[in-house]
2 protein chains.
Amino acid sequence: MERTPSHPQVSQFSLQQVLEAVVDPVRRSIVTQLDAAGEDIACGAFDISVSKSTATHHFKVLREAGLIRQYYVGTSRMNALRRTEMDRTFPGLLDAVTTAQAKGR
Amino acid sequence: MERTPSHPQVSQFSLQQVLEAVVDPVRRSIVTQLDAAGEDIACGAFDISVSKSTATHHFKVLREAGLIRQYYVGTSRMNALRRTEMDRTFPGLLDAVTTAQAKGR
DNA sequence: ACATAAGTACGATGGACGTCAAACTTTGAT
DNA sequence: ATCAAAGTTTGACGTCCATCGTACTTATGT
C-alpha cells in the first residue's frame, strides 16, 4: 500500500485529464459531495454505489487529474478538494460542474 | 440523408451529455474552432484529423448534446455554436473549456 | 445527362474503461 | 497476539466508443 501517493503539480494539470475525470458520474458525484461538504471526507464516507476496489480506482483518477488531494489518517484515507488550484488553472470549470449538478442536471 | 436534423431543446440539455461531448479532443477542437471563428463553419472547412465518416459522427454527438446547430446550405452542412443557450444552461462551462484550450492546456 | 462535391449510413474492428471478486497490507482496538 | 476496519492491488470481463472503408444520397456545375 503506497502511503504517500503522488499528486500532480498545478503546472501539470491538463484540461483533457480533468474532463476525463469529471465525465464519469461516480467521480463527478465524489467531487460534488466534497464541494458541498466544505470539508475533507474519508473514502468510505462517500455515498457511492460501487465496490471498494472500483472506488479506489475513481479516487486515483481524481487524484492524478489534480482534483483531489489524499492523505492518511490512521487507516482512513482522507480526500480534499483542490479547489483553489483548480480555479486558478481552469477558471469557472469546477463551478460550472458543481452548480449544474446541484440544479439537478 | 436527413435534411432537417433534430436539435434538443434547452430544457433537454444534460450536463452528462455535454461533458461526454467535450471530453473528446476532436470534438473539443471543433467547438474551439467555432468559438474562435465567431461565425458558422461548414463541416468540411474544419481543421480535423479524422475521416469524413468519423467527422460526421462527431458532429452528430455535438448536435445531440446541444452544443451546435446544423443546417444545410447547398451540399454543405453549416455548423453554429449554440453559445447563448449553453451559457444560460451551464454558466461558465463553455468559457472554461475554450479559454483553457486557447491557453494551450 | 453526367460528373463532381459534400456529407450520411452502415457494418466491422480495436482499444480503452468501468466494474467486480479475491487476496493482500496497514493500522487501530480488544 | 488477535481481530476487525479501511483501502489497495491484481487480474479478468463486458461494454462502449472512436475509427475507418465502402456504398449511398443529395445538390451543384458543366
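Here the structure is a predicted model, which is why all the values come from computation and not from measurement. In what follows, every chain begins at residue 1, and chains take the letters A, B, ... in the order their sequences are listed.
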Whole angstroms only, please: what is the [atom1]-[atom2] distance between [X] and [N]?
| X | N | atom1 | atom2 | value |
| --- | --- | --- | --- | --- |
| B:Asp24 | D:dC17 | CG | C1' | 9 Å |
| B:Glu20 | D:dC17 | CD | P | 7 Å |
| B:Asn79 | C:dA6 | CG | P | 14 Å |
| B:Arg27 | D:dT19 | CZ | C1' | 12 Å |
| B:Gln17 | D:dC17 | CD | P | 11 Å |
| A:Gln70 | D:dG7 | CD | P | 10 Å |
| A:Leu19 | C:dC17 | CG | C1' | 16 Å |

Open item on the list: Once side chain to side chain contact (heavy atoms under 4.5 Å, CB included) is applied, do any residues pair with A:Ala96, and if so which ones, sequence neighbours excluded?
Closed with: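 By the side chain to side chain contact (heavy atoms under 4.5 Å, CB included) rule, A:Ala96 matches B:Leu93.
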TODO: Report the residues that fulfil side chain to side chain contact (heavy atoms under 4.5 Å, CB included) with B:Lys60, sequence neighbours left out, ordered by chain and then residue number.
DONE: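 Scan of B:Lys60 (side chain to side chain contact (heavy atoms under 4.5 Å, CB included), adjacent residues dropped) gives B:Arg63, B:Glu64.
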Does any non-hydrogen side-chain atom of [Y] lie less than 4.5 Å from one of [X]?
| X | Y | answer |
| --- | --- | --- |
| A:Val31 | A:Val97 | no |
| A:Gln16 | B:Arg28 | yes |
| A:Pro8 | A:Arg82 | yes |

Task: DNA chain D-proximal residues of residues 56-66 of chain A, any heavy atom under 4.0 Å - done: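 Heavy-atom contacts with DNA chain D come from A:Thr56.
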Check nucleotides 28-30 of chain D for protein N or O atoms closer than 3.5 Å to its own N or O atoms and list the pairs.
none

Within the distance-only criterion (no hydrogens, no angle test), does the side chain of [X] pair as donor or acceptor with the backbone N or O of [Y] below 3.5 angstrom?
| X | Y | result |
| --- | --- | --- |
| B:Asn79 | B:Gln70 | no |
| B:Arg27 | B:Ala21 | yes |
| B:Gln12 | B:Gln9 | yes |

Open item on the list: My understanding is that only residues two or more places apart in sequence, or in another chain, count here; which of them pass ring-ring contact (aromatic ring centres under 6.0 Å, His included) with B:Phe13?
Closed with: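 Partners of B:Phe13 by the ring-ring contact (aromatic ring centres under 6.0 Å, His included) criterion come out as none, since no residue qualifies.
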TODO: Kindly compute the distance separating CG (B:Asp95) from CG (B:Asp87), expressed to the nearest 0.5 Å.
DONE: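 B:Asp95 CG to B:Asp87 CG: 6.0 Å, rounded to 0.5 Å.
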TODO: Run the numbers on B:Leu67 and B:Leu94 for side chain to side chain contact (heavy atoms under 4.5 Å, CB included), then give the verdict.
DONE: CA-CA 9 Å; B:Leu67 280 160; B:Leu94 216 45; 3.8 Å; yes
- [ ] Tell me which residues in residues 34-54 of chain B put a heavy atom below 4.0 Å from DNA chain C, sorted by number, or none.
- [x]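 Heavy-atom cutoff 4.0 Å gives B:Ala42, B:Cys43, B:Gly44, B:Lys52, B:Ser53.
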